Amino acid sequence: MLFLYSPPTHTSCLSSLKVEELYEAYSIQCRLRDGASNMKHAFSLSPSTKASRESLVELYKNLQECTEDMCLIEGTLEVHLGEFHLKMKGLVGYARLCPGDQYEVFVRLGRQKWKLKGKILTDDSQTWDEEEKVFIPSLHETFEIKVTELRGLSTLLVGVVTCDSVDFFVTRPRIIIVDITELGTIKLQLEVLWKPSRA
């Protein structure tokens, strides 16, 4: 992967720190919830006594509190997630890409969609009908990328991959290369920039 330099702004640093604080609080609650869940499971496997039943009731309360706290943190965190700015840089696959080939790329993040069509030109450059898109990130959604080769009236699926959106949280423009085929013979190049919320 190639990293490009762009100095961070003071505002983005403050927002990044707020996101890091919220993420740390969320991680602590997640570990507490997992611990309570493991204890609940262990108590449910042991013989039932009055003490174990009381412990189970207390563990249920702890689990519910952790889950509620996590939901509140998620809501606060999503306000600070800002935007992902994606720019299409093209497909890479020298042996597989030929002049005249046409491709359709479909990128989805939750309900947000980006569909673009491109063509390989005779000088091996590429043209795309829509080169940039802004996505609003969410904590529990991953990017799904689907590439299809257009062949007249028919289509050929090149590949479908998912990417964790955690990799997209970079405050400097960054080129991300995604293997579309299992063998990596065709790759998708995207420039990604995360713009934190100014809230």
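The model shown is predicted, which means the values in this text are computed figures rather than measured ones.
There is a path of hydrophobic side-chain contacts, each under 4.5 Å, that joins Val161 to Leu97. Connection of Trp114 to Ile136 is not established within any shared hydrophobic cluster, with ILVMFWY side chains joined at heavy-atom distances below 4.5 Å, either directly or through further cluster members. Tyr23 and Leu32 end up in different hydrophobic clusters when Ile, Leu, Val, Met, Phe, Trp and Tyr side chains are linked at under 4.5 Å. Under the 4.5 Å side-chain heavy-atom criterion for ILVMFWY residues, no single connected hydrophobic cluster contains both Tyr103 and Leu150.
Looking at heavy atoms from C-beta onward, Leu193 lies in side-chain contact with Pro173 at the 4.5 angstrom threshold. Side-chain atoms of Val105 and Lys115, non-hydrogen and from C-beta on, never get closer than 4.5 Å to each other. Within the 4.5 Å cutoff, no side-chain heavy atoms of Val92 are placed close to those of Ile177. Here the side chains of Pro196 and Phe169 are not in contact, with every heavy-atom distance at 4.5 Å or above. A 4.5 Å side-chain heavy-atom check between Arg53 and Lys50 finds at least one atom pair inside the cut-off. Val158 places none of its side-chain heavy atoms less than 4.5 Å from the side chain of Lys146.
Atom CD of Gln189 and atom CG of Leu91 lie 9.0 Å apart (nearest 0.5 Å). Atom CE of Met39 is separated from atom CG of Leu63 by 10.5 Å, given to the nearest 0.5 angstrom. Atoms OG1 and CD, on Thr148 and Glu104 in that order, are 5.5 Å from each other to the nearest 0.5 Å. Distance check: His85 NE2 to Glu191 CD gives 11.5 Å after rounding to the nearest 0.5 Å. Thr142 contributes atom OG1, which lies 7.0 Å from atom CG of Asp164 (distance to the nearest 0.5 angstrom). Atom CG of residue Asn62 and atom OG of residue Ser55 lie 10.5 Å apart, to the nearest 0.5 angstrom.
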Tyr26 and Met70: CA distance, side-chain angles, deciding distance, side chain to side chain contact (heavy atoms under 4.5 Å, CB included) verdict: CA-CA 6 Å; Tyr26 184 82; Met70 288 173 71; 3.6 Å; yes
Derivation and outcome, side chain to side chain contact (heavy atoms under 4.5 Å, CB included), residues Ile145 and Val160: CA-CA 6 Å; Ile145 301 170; Val160 178; over 6 Å; no
Working for side chain to side chain contact (heavy atoms under 4.5 Å, CB included), residues Val57 and Leu59: CA-CA 5 Å; Val57 168; Leu59 285 169; over 6 Å; no
Please walk me through it: do Glu132 and Leu86 pass side chain to side chain contact (heavy atoms under 4.5 Å, CB included)? CA-CA 6 Å; Glu132 294 186 41; Leu86 273 59; over 6 Å; no
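Residue Leu45 qualifies as enclosed at atom CG: its count of foreign heavy atoms under 6.0 Å is above 12. The environment of Gln64 atom CD is sparse: at most 12 non-hydrogen atoms of other residues, nucleotides or ligands sit within 6.0 angstrom. Open room surrounds OH on Tyr60; 12 or fewer heavy atoms of other groups in view lie less than 6.0 Å from it.
Judged by distance alone, the side chain of Asp123 and the main-chain N or O of Ser125 form a donor-acceptor pair under 3.5 Å. A distance-only check finds a donor-acceptor pair linking the side chain of Asp101 to the backbone of Cys98 [under 3.5 Å]. Side-chain atoms of Asp129 come within 3.5 Å of backbone N or O of Lys117 as a donor-acceptor pair. Within the 3.5 Å criterion, the main-chain N or O of Glu141 finds no donor-acceptor partner in the side chain of Ser138. Counting only distance, with no hydrogens or angles, the side chain of Thr76 and the backbone of Leu72 share a donor-acceptor pair below 3.5 Å.
Salt-bridge check for Lys195 with Glu83: failed, with every basic side-chain N at 4.0 Å or more from each acidic carboxylate O. Between Asp179 and Lys187 there is a salt bridge, with a side-chain nitrogen of the basic residue lying less than 4.0 Å from a carboxylate oxygen of the acidic one. Ionic pairing of Glu149 and Arg151 is present here: one or more N-O contacts between side-chain nitrogen and carboxylate oxygen are shorter than 4.0 angstrom.
Between the side chains of Arg33 and Thr67, no donor-acceptor pair of N or O atoms lies under 3.5 Å. When only modelled atom types and interatomic distance are considered, Trp128 and Gln126 share a side-chain donor-acceptor pair under 3.5 Å.
Gly82 approaches Pro137 most closely through the heavy-atom pair O-CD, 3.1 Å. The heavy-atom pair separating Phe135 from Lys113 by the smallest distance is CE2-N, 4.2 Å.
Between Phe143 and Phe84, the two ring planes are tilted [angle within 30° to 60°].
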